[in-house]
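What follows is one structure encoded as structure tokens, with my remarks underneath.
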Amino acid sequence: MEHKNTWLLYDEKLTKEAYDFAEGYKDFLNRGKTERECIDEIVYQIEKAGFCELEEAISAKKELKAGDKVYHVHMNKSIAMFTIGTKPMEEGMNILGAHIDSPRLDVKQNPLYEDGGFAYLDTHYYGGVKKYQWVTLPLALHGVVVKKDGTTVELNVGEDEDDPVFFISDLLIHLASEQMEKKAAKVIEGEALDIIVGNRPILIEPEKEEEKREAEAGKAAKDAVTKGILAILKEQYDMEEDDFVSAELEVVPAGKARDAGFDRSMILAYGHDDRVCAYPSLKALLKVEAPERTTCCILVDKEEIGSVGATGMQSKFFENALVETMVLAGQYSELAYRRCLSNSCMLSSDVSSAYDPSYASSFDKKNVAFLGGGMVFNKFTGARGKSGSNDANAEYIAYLRRILDAENVNFQTAELGKVDLGGGGTIAYILALYGMNVIDSGVPVLSMHGPWETISKADLYEAMRGYVAFLQGEKNF
């Protein structure tokens with residue numbers, strides 16, 4: 001089949017719209033480098049658009065009617081949003097689902113130590129990463145520290161021009177002959193991914209004779225660099241070392257999303273996987289004001305590690321929010337709830353691998369997504385023999401083709417590389433357990449799971465246009 005480049009299909013108006021839409025997306029990426037930050041930005045946007053918090057609606061015993069909008073945030077890391085349709089919910093919803101977590105380094109619970117005159121924070125990588133990609137990069141620290149009294153302190157260090165950054169050192173090439181012989185998976189070990197956070201020792205008020213003698217000799221006390229770091233944390237964040245135990249601190253690449261290429265047709269940024277699908281999903285939901293079928297957008301945590309835990313798609317938070325919404329709409333019964341789920345249609349919006357000519361042998365060129373080729377559908381994901389995959393049925397794909405062609409949305413189909421090379425999974429199979437129609441769709445990404453990934457502005461915009469067409473669609477197949 002002929003591959004269509006989206007840019008060649010755009011007139012001047014659509015090109016401008018795509019570039020303008022990308023500016024909002026870059027701002028979203030810059031504001032949301034963690035799940036919690038993404039949720040804060042999402043809530044800000046949807047409340048401006050008239051969404052009401054589900055818990056408030058329950059307390060007020062609000063009766064939901066067609067056109068009403070509610071949302072539920074779960075543990076500050078996942079969110080479900082609903083716009084009530086004119087048709088009964090038991091006839092099904094149109095659902096967009098994506099995830100807002102991305103590969104990164106997480107600070108351990110007992111992280112601070114000193115070695116060789118450096119203060120370090122010990123980390124544990126999160127998600128599938130090539131560990132060697134994370135050394136010698138400017139890194140930022142984002143997250144929260146929750147103290148014993150329940151107060152929460154937010155950290156965001158490394159993004160402003162005047163902020164310090166952090167880094168992971170690497171062995172100089174002059175001494176790296178043995179290191180260079182290792183396999184890529186072993187060049188940098190997981191336990192070596194500790195960030196350097198300080199180097200200046202401070203003089204400590206001596207309490208012991210040994211420390212007193214060291215101080216008199218102009219020497220720093222033992223672990224004086226880490227003690228200096230703790231003094232800074234105490235002064236700036238009122239944080240003690242024990243507070244690391246109840247902290248969630250994420251190490252991410254420092255810096256803003258940037259236009260890429262002389263033509264500015266691409267975006268280089270951290271976190272495209274999967275915020276490049278989450279953002280157009282959110283914007284599509286906000287564009288569809290009065291749907292026939294109830295529209296829903298689910299943005300979740302923990303996809304990169306299997307969708308587990310209380311904030312992952314495998315938890316019951318979405319089911320609970322749906323039941324509460326149906327009750328407020330006066331439409332709940334166990335049977336209606338089950339029918340609602342089984343009659344729903346979903347786009348599991350996740351990224352796909354983009355064709356990279358530098359690594360052409362890893363792809364089946366006939367079945368691969370191209371940057372600039374439009375939004376992409378993966379009929380199945382999984383590994384090797386489709387293990388762990390949701391495999392969408394032909395009738396559903398035909399329906400999607402029909403509604404997207406009616407709106408002139410450019411789309412392509414793909415697999416995740418050659419059959420026996422590996423694979424990946426999404427949240428699609430979890431929603432498919434309810435018996436609904438689900439297919440993976442999203443945006444192709446170059447250098448997926450790297451600290452800096454690349455997408456096309458045209459693909460981003462076509463994803464939003466495709467999501468709008470889907471949300472407005474009436475199930476008819």
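Only a predicted model underlies this, so the values are computations on that prediction, with no experimental measurement involved.
Judged by distance alone, the side chains of D301 and H99 never bring a donor and an acceptor atom under 3.5 Å apart. Between the side chains of D440 and T426, at least one donor N or O sits under 3.5 Å from an acceptor N or O. Between the side chains of N76 and E35, not a single donor N or O lies within less than 3.5 Å of an accepting N or O. With no hydrogens or angles considered, no side-chain donor-acceptor pair links N110 and D122 at under 3.5 Å. When only modelled atom types and interatomic distance are considered, N367 and D364 share a side-chain donor-acceptor pair under 3.5 Å. Side chain to side chain, K283 and Q45 meet the donor-acceptor criterion of an N or O pair below 3.5 Å. For T136 and D170, the side-chain atoms include no donor-acceptor pair closer than 3.5 Å. No side-chain donor from either of N320 and H74 sits under 3.5 Å from a side-chain acceptor of the other.
Note on ring orientation: taking the six-membered ring where Trp is involved, the planes of F377 and F411 are perpendicular (angle over 60°, cut-offs 30° and 60°).
When all heavy atoms of Q412 and G374 are compared, the closest pair comes out as NE2-O, 2.9 Å. Here the closest non-hydrogen pair linking W134 and I168 is O-CD1, 3.7 Å. Closest of all the heavy-atom pairs between A98 and S349 is CB-O, 3.3 Å. Nearest heavy atoms, I267 versus A257: CG2-CB, 4.2 Å. In this structure, L431 and M436 approach most closely via the heavy-atom pair O-CG, 3.5 Å.
For an aromatic pair to be called close, the ring centres must be under 6.0 Å apart, and F470 with Y399 fails this. Outside the 6.0 Å centre-distance limit, the rings of F82 and Y71 are not counted as a close aromatic pair.
Exactly one residue among D274, T454, V351 makes a side chain to side chain contact (heavy atoms under 4.5 Å, CB included) with M448. That residue is V351. Of the listed residues (Y44, Y279, F21), just one forms a ring pair (Phe, Tyr, Trp, His ring centres under 6.0 Å) with F28, and that residue is Y279.
For K234 and D238, the salt-bridge test passes: some basic side-chain N is under 4.0 Å from an acidic carboxylate O. K108 has a carboxylate O that lies under 4.0 Å from a charged side-chain N of E191, or vice versa, which qualifies the two as a salt bridge. For K457 and D259, the salt-bridge test passes: some basic side-chain N is under 4.0 Å from an acidic carboxylate O. Salt-bridge check for E17 with K13: passed, with a basic side-chain N closer than 4.0 Å to an acidic carboxylate O. The pair R104-D106 meets the salt-bridge criterion, since a charged nitrogen lies less than 4.0 angstrom from a carboxylate oxygen. A salt bridge does not link K147 with D243: every distance from a Lys NZ or Arg NE/NH1/NH2 to an Asp or Glu carboxylate oxygen is 4.0 Å or more. Electrostatic pairing of E41 and R275 does not count as a salt bridge here, judged by no charged N lying under 4.0 Å from a carboxylate O. Ion pairing of E159 with K33 is present here, as a side-chain N (NZ or NE/NH1/NH2) and a carboxylate O approach within less than 4.0 Å. Taking the charged nitrogens against the carboxylate oxygens, R465 and E407 have no contact shorter than 4.0 Å, which rules out a salt bridge.
Listed by chain and number, the residues in a ring-ring contact (aromatic ring centres under 6.0 Å, His included) with H272 are Y25 (sequence neighbours excluded). Among residues two or more places apart in sequence or in another chain, the side-chain hydrogen bond (donor to acceptor under 3.5 Å, both in side chains) test is passed with E23 by K26.
Contact check for Y434 versus E319: side-chain heavy atoms found under the 4.5 Å cut-off. A heavy-atom distance below 4.5 Å is not found between the side chains of M346 and S344. For the pair I439/Y396, a side-chain contact is recorded, criterion being any heavy-atom separation below 4.5 Å from C-beta on. Put simply, the side chain of M375 does not reach to within 4.5 Å of the side chain of N410, judged on heavy atoms. Side-chain atoms of C277 and Y467, non-hydrogen and from C-beta on, do get closer than 4.5 Å to each other. By the 4.5 Å heavy-atom criterion applied to side chains, I196 and F166 are not counted as neighbours. With contacts defined as side-chain heavy-atom distances shorter than 4.5 Å, the pair L471/V468 does not qualify. Looking at E250 and L141, their side chains never come closer than 4.5 Å, going by heavy atoms from C-beta outward.
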| request: For the pair R36 and D40, evaluate salt bridge (charged side-chain N to carboxylate O under 4.0 Å, His left out) and give the outcome as yes or no after the intermediate values. | output: CA-CA 6 Å; R36 290 175 182 265; D40 288 344; over 6 Å; no

| task | Would you check, one step at a time, whether the test side chain to side chain donor-acceptor pair (under 3.5 Å) holds for E53 with H72? | result | CA-CA 6 Å; E53 190 173 12; H72 170 64; over 6 Å; no

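In this structure, L230 CG and E235 CD are separated by 13.0 Å, a value rounded to the nearest 0.5 Å. Distance check, rounded to the nearest 0.5 Å: CG of L299 to CG of D101 gives 11.0 Å. Here the straight-line distance linking atom CG of L460 with atom CE of M266 works out to 14.0 Å at 0.5 Å rounding.
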